[in-house]
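To keep things clear, I will list the structure first and then write my remarks on it.
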Amino acid sequence: MLELLEDWKRTDYCGNLGLKDLDRNVILMGWVQSNRDHGGLIFVDLRDREGIVQVVFNPQLNKESHEKARKLKDEWIIAVKGTVKRRPLETLNQHIKTGEIEVIAKEIKLLNTSKVLPFPIENEIKVDELLRLKYRFLDLRRPLMKDNLILRHEIVSATRNYLNSNGFIEVETPYLTRSTPEGARDFLVPSRLNPGEFYALPQSPQLLKQTLMISGFDRYYQIVRCFRDEDLRADRQPEFTQIDLEMSFVNENNVMEVVEGMLKAIFKLSKGIDIGTPFPRMRYDEAMLKYGNDKPDTRFDLELSDITEIFKNSGFKVFSDPIKRGGIVKALNLKGKVPEFSRKELDDLAEFAKSFGAKGLAWIRVSGDEWQSPITKFLSEAEKEELKRTLKIEDGDIIFFAADRAYTVNLVLSNLRLQLGERFNMIDESKLSFIWVVDFPLLDFDETEKRYVAMHHPFTSPKEADLIHLDTAPEKVKARAYDIVLNGVEIGGGSIRIHRSDIQQKLFDKIGLEAEDAKKKFGFLLEALEYGAPPHGGIALGLDRLVMLLSGANSLRDVIAFPKTQKGICPLTEAPSPVDTEQLLELQIKVDLKQE
RNA sequence: GGGGCCGUAGUUCAGCCCGGUUAGAACGCUGGCCUGUCAAGCCAGAGGUCGCGGGUUCGAGUCCCGUCGGCCCCGCCA
C-alpha cells in the first residue's frame with residue numbers, strides 16, 4: 001500500500017502556510033501528528049520541520065483519498081495535494097501558527113508507515129531519559145528539541161558571521177594530537193603505525209592556536225570539539241564544543257571587547273535581544289568573598305559576609321577552632337524570612353549543607369529582640385553586637401553560618417545562597433547577568449600533590465607587576481586571566497599568554513615541571529616562542545552551555561543532538577563497545593580486564 | 001571512589017511503611033460508531049519477567065542482601 005513520490009515535488013513547508021497562501025494548490029510532505037476521524041470529515045495534522053498544518057479530507061470531494069486517510073496512524077509519512085482555504089470562523093485554532101487556514105486535500109500518497117511510538121511527539125513529556133536517548137531520532141522530532149538544535153545552528157552562524165567580519169580566520173587543528181600533562185584525563189587513540197603509542201584527543205586546541213599566532217595569523221578562531229575524560233554532570237559532557245579564538249598584539253581589554261561584540265551579535269541574531277555592553281567586571285577576591293565562588297550569579301544579592309575577625313578569639317569553639325586551624329567563618333543573612341521558615345526546612349538545609357562537606361549548619365532566627373538558635377547561648381554580648389552591626393541584623397532575619405576551611409565554607413554557603421535564592425524566588429529569570437571575573441591568582445597550591453599548579457593553564461601570563469613575588473610569595477601573583485560568567489554559569493575563560501620563553505621556563509619551574517620534561521611535552525611551543533612570538537591572548541567559550549542558557553534547557557543533553565548518559569554511553573549507538581580481536585591484534589593491544 | 005532520589009502495562013504513575021483473593025489508573029494501542037475536530041467524542045477490548053539475582057516466610061511487587069541501569073550532587077573537570 002506504500003506509494004512512490006514519482007513526480008510529486010513539495011511546494012511548501014506545512015508550518016509556513018498562512019493567509020498569504022489562500023486558494024493556492026500546494027503539495028505538502030510530512031509526518032502525521034494526529035488523525036481525527038469523524039466518520040465523515042477527517043482532520044489530519046501534518047507536521048514537518050517548520051510546524052503543523054491541518055489537512056481536511058472530505059468524502060464528498062474525493063472518496064478514494066478519504067478512504068486512504070482513514071487508515072493513517074501517528075507518524076506515518078504522507079504527501080498531500082490540496083488547496084489552502086480559510087478556516088470557518090468558529091474553527092480557528094490560535095494554538096498553532098497556521099491556525100487560520102487549512103488544506104483541503106484532493107490527493108494523498110502514503111510514503112511510509114511507522115511502528116507505534118514508545119513516547120508521544122510532544123513538548124511536555126515526562127519520559128525516562130534513557131528511553132529518549134535510545135529513541136533519539138524520535139526525541140529530536142519534538143518541537144522543543146528541534147528548536148534547541150536550530151537555535152544552536154543560529155548561534156554558530158551568528159558567531160561565524162561576527163568573527164569573519166572582524167578579521168578572524170578559521171583554522172582547523174588536529175583531533176589526533178598528543179597527550180599533554182596537567183589538566184583533565186585524556187581520551188587516547190592507539191596508533192596502528194606506531195604500536196604502543198597513542199594519540200590523545202585534544203582537551204582544547206590551546207597550544208596549536210598559540211602556535212598559529214606565532215605563525216602570524218593574527219586572529220584565529222575555530223568552533224571546535226574538545227574531549228575530556230572526566231565524570232559527567234548536567235553541564236558536562238565528555239565531548240563538548242568551544243568557540244575558540246586567539247588574537248595577537250592585544251591586551252585583556254581587546255579580547256573582552258571582541259567577546260562582548262560577539263555575544264551582542266549572537267543574542268541579537270538568535271533571540272532578538274539587545275544586551276548591554278561592556279559587561280561589569282569583578283575581581284576574583286571579591287567574587288569569593290561575596291558569593292563564595294568564581295562564577296557569581298549576580299541576578300540577585302544575598303551576599304556572604306566574612307566574620308572571621310569577630311570570632312578569632314571566641315569561646316565558641318565551633319567557630320574559633322576552625323579559625324585556629326587556618327579556616328574562616330562566613331555568614332549569610334536571609335532578610336525577613338523567619339515567618340516563611342519551618343524547623344523542618346532548617347533541618348533540610350542542614351542536610352543540604354552536609355552534602356557539600358559541612359559538619360552542620362548553624363543558624364539564628366531573629367524575632368523581635370530574641371535570637372532563637374542553638375548557638376546563641378555560646379555567643380558573648382560583644383560578639384552579638386558585632387554580628388548585628390556587620391550583618392545588619394533586623395527583626396525577621398535568618399542568619400546562616402559556616403565555619404571550616406575556606407574551601408568548604410565557600411562551597412557550602414555559595415550553594416546555600418543559590419538554593420535560598422531559588423526557594424524564595426529571588427532570581428529574576430528574565431535577567432541576563434553577564435560578568436567578567438578578573439584578577440585570578442596565577443597559581444594554586446595543590447594539597448595532595450604538594451606543589452603549585454596553574455589555576456588557568458601554565459601558559460597564562462602573570463601580571464608583570466606581580467612577577468617580583470613569584471619566588472617569595474607565589475600565591476600573591478595574579479594572572480592576566482578572565483572568565484566570563486552568565487547567570488552564575490561559567491561560559492568561557494581565557495587569558496593573555498606568555499610569549500617570552502624565559503618567563504615560560506620560569507613558570508614551568510614554579511609548577512614543578514622539569515626543564516627536560518617540559519621540553520618533551522611542550523617542546524614545540526617552547527621552541528616556537530624563541531622565533532619571534534608576538535604578544536597574544538584569547539579565550540574559549542563553551543558553546544553548549546551558551547545554547548543551554550539561551551534555550552532555557554536544564555541539561556547539556558538537551559542542546560546536543562546525540563549526547564551521552566552519566567556513565568558516558570550513547571544509548572542510541574551503544575557506544576562504547578567491545579571490538580573484534582582482529583582489530584586489537586592490528587593495534588597490538590591486549591585488553592587485561594580485572595576479573596571479579 | 002562517595003552520597004541522595006528512582007526502576008511496576010507501550011508511556012507516566014499508584015500500590016511498598018503495615019507481606020495475604022484475579023497488581024490498578026490515566027494516556028497510548030486494537031475494533032466499532034460518528035461531517036468541524038484540533039488533549040476530538042462515545043462504546044467495547046487487548047496489554048504485566050513488578051530491572052535482575054539471591055535470601056527470609058506457608059506466602060514477597062511489598063521485608064533483607066547483592067547487582068545492573070537512569071537522574072542529581074561531592075571528588076574529578078588546568
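Each chain gets a letter, A, B and so on, in the order the sequences are listed, and its residues count up from 1.
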Regarding [X], tell me which of base, sugar-phosphate or nothing describes its non-hydrogen contacts under 4.0 Å with the strands shown.
{"X": "A:Pro118", "answer": "sugar-phosphate"}
{"X": "A:Pro120", "answer": "nothing"}
{"X": "A:Glu122", "answer": "nothing"}
{"X": "A:Thr565", "answer": "sugar-phosphate"}
{"X": "A:Val453", "answer": "nothing"}
{"X": "A:Ile52", "answer": "nothing"}
{"X": "A:Arg87", "answer": "base"}
{"X": "A:Glu102", "answer": "base"}
{"X": "A:Asn415", "answer": "nothing"}
{"X": "A:Leu92", "answer": "base"}

Residues A:Asp244, A:Lys209: salt bridge by 4.0 Å N-O rule: yes
Residues A:Lys115, A:Glu75: salt bridge by 4.0 Å N-O rule: no
Between [N] and [X], is there an OP1 or OP2 to side-chain N/O distance shorter than 4.0 Å?
{"X": "A:Arg557", "N": "B:C72", "value": "yes"}
{"X": "A:Ser34", "N": "B:C38", "value": "no"}
{"X": "A:Lys354", "N": "B:G3", "value": "no"}
{"X": "A:Lys73", "N": "B:U30", "value": "yes"}
{"X": "A:Arg36", "N": "B:A39", "value": "no"}

Whole angstrom value for the distance that separates [atom2] of [N] from [atom1] of [X]:
{"X": "A:Asp37", "N": "B:U30", "atom1": "CG", "atom2": "P", "result": "13 Å"}
{"X": "A:Asp128", "N": "B:U12", "atom1": "CG", "atom2": "P", "result": "6 Å"}
{"X": "A:Gln54", "N": "B:A40", "atom1": "CD", "atom2": "P", "result": "11 Å"}
{"X": "A:Leu117", "N": "B:C27", "atom1": "CG", "atom2": "C1'", "result": "13 Å"}
{"X": "A:Glu124", "N": "B:G28", "atom1": "CD", "atom2": "P", "result": "16 Å"}
{"X": "A:Gln33", "N": "B:C38", "atom1": "CD", "atom2": "C1'", "result": "11 Å"}
{"X": "A:Asp404", "N": "B:C74", "atom1": "CG", "atom2": "P", "result": "16 Å"}
{"X": "A:Ile121", "N": "B:U11", "atom1": "CD1", "atom2": "P", "result": "14 Å"}

Assigned partner base of [N], Watson-Crick or wobble definition, under 3.5 Å:
{"N": "B:G69", "result": "B:C6"}
{"N": "B:G47", "result": "none"}
{"N": "B:G75", "result": "none"}
{"N": "B:A40", "result": "none"}
{"N": "B:A26", "result": "B:U11"}

Given RNA chain B, 5'-ward residue of the pair A:Phe43 and A:Ala454, judged by closest heavy atom: A:Phe43
Upstream residue (5' side of RNA chain B) when A:Ser204 and A:Leu411 are each assigned their closest nucleotide: A:Leu411
Can you tell if the side chain of [X] reaches within under 4.5 Å of the side chain of [Y], non-hydrogen atoms only?
{"X": "A:Phe119", "Y": "A:Leu131", "result": "yes"}
{"X": "A:Pro458", "Y": "A:Leu507", "result": "no"}
{"X": "A:Val259", "Y": "A:Tyr482", "result": "no"}

Pairwise [atom1] distance for [N] and [M], with rounding to whole Å:
{"N": "B:A23", "M": "B:G48", "atom1": "C1'", "value": "8 Å"}
{"N": "B:G47", "M": "B:G66", "atom1": "P", "value": "38 Å"}
{"N": "B:G15", "M": "B:G7", "atom1": "P", "value": "10 Å"}
{"N": "B:C6", "M": "B:C16", "atom1": "C1'", "value": "14 Å"}

Test of ring centre spacing under 6.0 Å for A:Phe227 and A:Tyr175: yes
Ring centroids of A:Phe119 and B:U11 base under 5.5 Å with planes under 30°: no
Centroid under 5.5 Å and tilt under 30°, A:His38 to B:G36: no
Given the structure, check if the side chain of [X] and the base of [N] hold any donor-acceptor pair shorter than 3.5 Å.
{"X": "A:Arg228", "N": "B:C77", "answer": "no"}
{"X": "A:Arg233", "N": "B:G75", "answer": "yes"}
{"X": "A:Asp74", "N": "B:G28", "answer": "no"}

A:His38 and A:Phe43 aromatic ring geometry - parallel, tilted or perpendicular at 30°/60° bounds: perpendicular
Mutual orientation of the aromatic rings belonging to A:Phe352 and A:Phe356 [parallel < 30°, tilted 30-60°, perpendicular > 60°]: perpendicular
